[in-house]
Protein chains: 2
Amino acid sequence: MQNLTRDELRQRLLACGLKATHQRIVVFETVMALHGQHPVAEEVYQLLKPANPSISLGTVYKTLDTFVESGLINRVFTEEGGKRYDPNTEAHSHIYCSNTKEIIDFEDAELDQLLLEFFKTRNMENFQFRSCSVQLMGCKVEPDKKVTIQRVSK
Amino acid sequence: MQNLTRDELRQRLLACGLKATHQRIVVFETVMALHGQHPVAEEVYQLLKPANPSISLGTVYKTLDTFVESGLINRVFTEEGGKRYDPNTEAHSHIYCSNTKEIIDFEDAELDQLLLEFFKTRNMENFQFRSCSVQLMGCKVEPDKKVTIQRVSK
DNA sequence: ACTTAGATAAGAATGATTCTTACTTGGTAA
DNA sequence: TTACCAAGTAAGAATCATTCTTATCTAAGT
Ligand SMILES: [Mn+2]
Ligand SMILES: [Mn+2]
Ligand SMILES: [Zn+2]
Ligand SMILES: [Zn+2]
C-alpha cells in the first residue's frame, strides 16, 4: 500500500519473469498508486503521460493485461462493459454505486472467513475453486461523501 | 422458468409501462428462453432472426437495455468487457470459469440467508443497499461436463 | 378510424481495444 | 565492455461492439 521505489517495482517485475522495461515500471508505479481505485487503461495513460510523453496508449493496454496474466494486478468486474483494473490483489469485495458508477473496495476479514467456512459445507464437482468475493449493489445517499461500513454490536 | 405465452409476455411489458410491440415481445420471449445463460445482444439477435428477419440488431440492443431499466431482466457483471444480460431476476450468484469463460448460475438459499444475516451486523453509512451476490472464480476441471455444488454433511 | 407519442429499420458514426510492423532495448554471455 | 537477440514498444491502422441519427411506422387511447 505504501509507495514502492522503482527498484522494488523492478524486482517484482523480474520475479514474475517479465523484462523490467521503463514502460512497465512506470505503468506499474502509476497503477499501484491508484490503490482503492479501479482505473481503465486510458486513466493510467493520462496520469503517466506528463512525465513520460513517449509511452503510447497501446503499450499501457498491453502492459496492464500482461500484469493481470502475471497476477501483479487484477481485473475488476463491471456491469456496463469496459475493462477496469484493480491494484489491490488481496481478497476483497466491491461496492457498486449505481448513481456515481463508483466501484469501492470493501475489505472485511469476517466476511472472507464466513464465505470460506460456507464453501467448506459445499461439495463442488468439476470445479476448481480459486477465489470468491461479494458484490454489493446500491446507491450512495450523498454522492460526495464516503461510504463507511462498521461492525455493529448485534 | 417455464415458457410464458406471448400474451403473458405482453402483460408483463404493459405492467412495466412499456408499449407491447412485436419486437419487444419477441426479444423478451427469446431472452427468457435463455434462463440460466447470460447472452450478449448479438446472441439474442441471431436466435430470433430466422423467425423474425425484419427485426434489427440495433433494436435488440435498445430493447435489452430498456428491459434492464424496467427490471424485467438484469445485467451480469463481466471481467473482460462486453455487455451480458441475465434473464434470471431472482437473487442468485455466479460461477465464472476462466477456461471456458462460462458464467454459471449458482442459486443457494442458505448463502443468501448467510449474507443477509451478515449485513445485519454491519452499519452502512451513506449507502442504500439494494442487493448483493457472490462471484465464484475458478476453472471447470472437465470443460464439457457440468459444475454441481451440493450440500455436504459437515 | 384518427391521432400522436413513442418505437423501429437501416446504416452511419463512435470509441474502446487490438493488431501490424519497423524500430528499440533489457538482459545475457563472450 | 561489447555484441547479440528475443522480447518489447511507438505509431497509427484496423476491428468490432455499441450507440446514434433520421425517416418511417405502429400501439394504444380517443
Ligand atoms: Mn478493488
Ligand atoms: Mn444469472
Ligand atoms: Zn449510487
Ligand atoms: Zn475454467
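The figures that follow rest on heavy atoms only: side chains count, while hydrogens, waters and symmetry mates do not. Chain A is the first sequence line, chain B the second, and so forth, proteins listed ahead of strands; every chain is numbered from 1.
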Item to check | Whole-Å distance separating the OH atom of Y45(B) from the P atom of dA17(D) | outcome: 13 Å
Checklist entry - Between Q37(A) and P87(A), what is the shortest heavy-atom contact and its length? => result O-CD, 3.3 Å
Checklist outcome for this item: To the nearest angstrom, the CD-P distance between E80(A) and dG15(C) comes to 16 Å
Next on the checklist: Could you tell me how far apart F28(B) (CZ) and dA7(C) (P) are, to the nearest whole angstrom?
Outcome noted: 16 Å
Item to check | Nearest listed nucleotide, side chain of A20(A), among dG27(C), dG6(C), dA10(D) | outcome: dG27(C)
Checklist outcome for this item: Ranking dT17(C), dA11(D), dG27(C) by distance to the side chain of R10(A), first place goes to dG27(C)
Checklist entry - Between dA9(C), dT9(D), dA5(C), which nucleotide gets closest to the side-chain atoms of R24(A)? => result dT9(D)
Checklist entry - Using the ring of each side chain (for Trp, its six-membered ring), is F129(B) parallel, tilted or perpendicular to F119(B), with breaks at 30° and 60°? => result tilted
Item to check | Point-to-point distance, once rounded to the nearest 0.5 Å, from NZ of K146(A) to NZ of K140(A) | outcome: 9.5 Å
Checklist outcome for this item: Taking dA9(C), dG27(C), dT8(C) as options, the one with an atom nearest any side-chain atom of I55(B) is dA9(C)
Next on the checklist: Checking side-chain polar atoms at under 3.5 Å, does R130(A) have a donor or acceptor matched by the opposite partner on S98(B)?
Outcome noted: yes
Checklist entry - Whole Å only: how far is the CG atom of L57(B) from the C1' atom of dA12(C)? => result 14 Å
Next on the checklist: What is the separation between atom CD on Q23(A) and atom P on dT25(C), rounded to the nearest whole Å?
Outcome noted: 8 Å
Next on the checklist: Under 4.0 Å, heavy atoms only, any strand: does G82(B) hit a base, just the sugar-phosphate, or nothing?
Outcome noted: sugar-phosphate
Item to check | Phosphate OP1/OP2 of dT26(D): any T21(B) side-chain N/O under 4.0 Å | outcome: no
Checklist entry - Does the ring centre of Y85(A) sit less than 6.0 Å away from the ring centre of F67(A)? => result no
Item to check | Nucleotide nearest K19(A) when distance is taken to its side chain, options dG6(C), dT8(C), dG8(D) | outcome: dG8(D)
Next on the checklist: Check the phosphate of dT18(C) against K83(A), side-chain N and O only, distance under 4.0 Å to OP1 or OP2. Yes or no?
Outcome noted: yes
Checklist entry - Rounded to the nearest Å, what distance is computed from the CD1 atom of residue I25(A) to the C1' atom of nucleotide dT9(D)? => result 14 Å
Checklist entry - Which listed nucleotide (dT9(D), dT18(C), dA10(D)) is nearest to the side chain of S56(A)? => result dA10(D)
Checklist entry - Have D105(B) and H38(B) got a donor and an acceptor in their side chains that come within less than 3.5 Å? => result yes
Checklist entry - When we call it a touch if two heavy atoms are under 4.0 Å apart, what does L14(A) touch: a base, just sugar-phosphate, or nothing? => result sugar-phosphate
Checklist entry - So does T63(A) get a side-chain nitrogen or oxygen closer than 4.0 Å to the phosphate oxygens (OP1/OP2) of dG8(D)? => result no
Next on the checklist: In this structure, how many angstroms lie between the C1' atom of dG27(C) and the NE2 atom of H22(A), rounded?
Outcome noted: 18 Å
Item to check | Upstream residue (5' side of DNA chain D) when V60(A) and V40(B) are each assigned their closest nucleotide | outcome: V60(A)
Item to check | Nearest listed nucleotide, side chain of Y61(B), among dA9(C), dT18(D), dG27(C) | outcome: dT18(D)
Item to check | d(CD, E69(B); P, dT19(D)) in whole Å | outcome: 11 Å
